[in-house]
2 protein chains.
Amino acid sequence: MSGIRAQQKEKTRRLLIDAALNQLSADQSFSNLSLREVAKEAGLAATSFYRHFNDMDELGLTLVDEAGLTLRQLMRQARLRIEKGGSVIQISVKTFMEFIESNGNEFRLLLRERSGTSTEFRAAVSREIRYFTMELCDYLQKANKLDVETSYLQANAAVTIVFSAGAEALDANESERQELADRTIKQLRFIARGAMDLSSRSK
Amino acid sequence: MSGIRAQQKEKTRRLLIDAALNQLSADQSFSNLSLREVAKEAGLAATSFYRHFNDMDELGLTLVDEAGLTLRQLMRQARLRIEKGGSVIQISVKTFMEFIESNGNEFRLLLRERSGTSTEFRAAVSREIRYFTMELCDYLQKANKLDVETSYLQANAAVTIVFSAGAEALDANESERQELADRTIKQLRFIARGAMDLSSRSK
DNA sequence: TAGAATAGTGTACACGTGTACGCTGAAATA
DNA sequence: TATTTCAGCGTACACGTGTACACTATTCTA
């Protein structure tokens, strides 16, 4: 039951997904993409699009899912690097910045649709960010032996800071990015220190 | 030289600006607005739009400027409240949340265009945020006697956290907003504490 | 092997868009 | 007062959009 047909279908589905991803850029957001253009870039007739997605939104939500997945895989990578020794914060920020550099369009998608026009998109993005935050929260809880609330607050703040830095990085050149990374690292240290202090204080 | 004509022109210009602002919502971003619809809402023929703006972008940039202005006026208000006594952080967050509640559409505009499709818009928004950050930076520097770098890092991080909380507040109900405000206050305390600590440490 | 299912095609349509153009009436100017 | 200026109007156009529909060719199924 391999299914020559199903196989081919999956293949052109990917073509559509990749076409959409390729058309995203600093100057073009997902909502500006037209079904026709995406189909064209994928080498399909416009109407063939419907054999794979009900509408552009369905494609878009798929993209959001994939971007979130990429993000989580990335952080697993970062954890591996950390185990080999090195500053947790430094390595995390560096890894994230590398993600921005090589997956700019995926990140742009998350960034834009987070405050976009569709409730469904906003929900999807904030779900992905929540996953991301939760994983960090678990890590902090174990590594620093903090209570749940404090480590959640820290994780949430850290993710916010890092995402914001990522957004700035998109428009920045090499040296600006370096400076940005340094700033971000310091700010994450503020948060970590504050969390430690104010948590032990409440005991 | 009052100019009946100039006066009338200014009046319908305002009509256009307000019409655009009114059409912004959770479901409609500025880039989705059409010149025709805005003119219609203002009670004008579509082509009359051009008597006031060269294109929709020009109107949009005007809106961004006004939103930034509102934001800064807001913080002056907050400072007055603070002088009457009370926690700096608490009052600032509360004031900001009130802004979100009564100027949701202006805030949405800033939020969306910050990562939007137009370089000019992105620049305009980040300029407004920079002003906002700088004012906070000055304040922190004087109030806490910190060095420039540390107070800038703190201001920058604080603004990021508060904006992010504001974005979440847009989709939240009353009780969620309260919880959100509490979280934000704690996170700002983390940052403040961390900044104090790590600044004195380096002396 | 005959018939059903279906991925992909091309045509056609109604719709909303920005904007060029010429016109009108009232305000400004000389 | 005679002339110029100009905010606002309506028409008209070309363009890109989503998608309904009928058709073809190939794979799947019984």
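Chain identifiers are assigned alphabetically (A, B, ...) following the order of the sequence lines, protein sequences preceding nucleic acid strands; residue numbering begins at 1 within each chain.
- The interatomic distance linking Gln8(A) (CD) with dT26(D) (C1') rounds to 11 Å, in whole Å.
- Taking atom CG on Leu15(A) and atom C1' on dA7(C), their separation rounds to 14 Å, with Å as the unit.
- Side chain to side chain, Glu41(A) and Gln23(A) meet the donor-acceptor criterion of an N or O pair below 3.5 Å.
- Counting only heavy atoms from C-beta on, Ala45(A) has its side chain closest to dT9(C) among dT9(C), dT17(D), dG8(D).
- In this structure, Leu35(B) places its CG atom 14 Å from C1' of dG8(D), rounding to the nearest Å.
- Straight-line distance from the CE atom of Met56(A) to the P atom of dT17(D): 10 Å, rounded to whole Å.
- The shortest heavy-atom contact between Ala158(A) and Leu136(A) is CB-CD2, 4.1 Å.
- Atoms CZ (Phe53(B)) and C1' (dA7(D)) sit 14 Å apart, rounded to a whole Å.
- Nearest to the side chain of Ala46(B), among dT9(C), dT19(D), dT19(C), sits dT19(C).
- No donor-acceptor distance shorter than 3.5 angstrom exists from the side chain of Arg193(A) to the backbone of Asp197(B), with no hydrogens or angles considered.
- Rounded to a whole Å, the NZ atom of Lys40(A) is 18 Å from the C1' atom of dG8(C).
- Using a 4.0 Å cut-off, some side-chain N or O of Thr12(B) falls inside it from OP1 or OP2 of dG8(D).
- Judged by atom type and distance alone, Arg5(B) reaches the base of dA26(C) through a side-chain donor-acceptor pair under 3.5 Å.
- For Ile4(A), the listed nucleotide lying nearest its side chain is dT27(D); candidates were dA28(C), dT27(D), dC9(D).
- Whole-Å rounding puts the Lys11(B) NZ to dA7(D) P distance at 16 Å.
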Take Lys94(A) and Glu101(A) through the salt bridge (Lys or Arg N to Asp or Glu O under 4.0 Å) test and state the conclusion after the steps. CA-CA 11 Å; Lys94(A) 200 174 172 191; Glu101(A) 199 146 351; over 6 Å; no
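- Note on Ser34(A): every side-chain N or O is 4.0 Å or more away from OP1 and OP2 of dG16(D).
- A donor atom on one side chain and an acceptor atom on the other are found under 3.5 Å apart for Asp147(B) and Thr150(B).
- You'll find a donor-acceptor pair under 3.5 Å spanning the side chain of Arg36(A) and the base of dT19(D), going by distance alone.
- In the model, Asn32(A) has no side-chain atom that pairs as donor or acceptor with a side-chain atom of Gln28(A) under 3.5 Å.
- A distance-only check finds no donor-acceptor pair linking the side chain of Ser48(B) to the backbone of Leu44(B) [under 3.5 Å].
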Close N/O contacts between protein and nucleotides 20-23 of chain D (under 3.5 Å):
none

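- Which of dT26(D), dA7(C), dT17(D) sits closest to the side chain of Lys9(A) comes down to dA7(C).
- The side chain of Ser48(A) contributes no N or O atom lying less than 4.0 Å from OP1 or OP2 of dA7(C).
- Leu33(B) has its CG atom 16 Å from the P atom of dG16(C), to the nearest Å.
- At least one donor-acceptor pair under 3.5 Å links the side chain of Thr117(A) to the backbone N or O of Asp27(B).
- Taking the nucleotide of DNA chain C with the nearest heavy atom to each of Gly43(A) and Glu37(B), the more 5' of the two is matched to Gly43(A).
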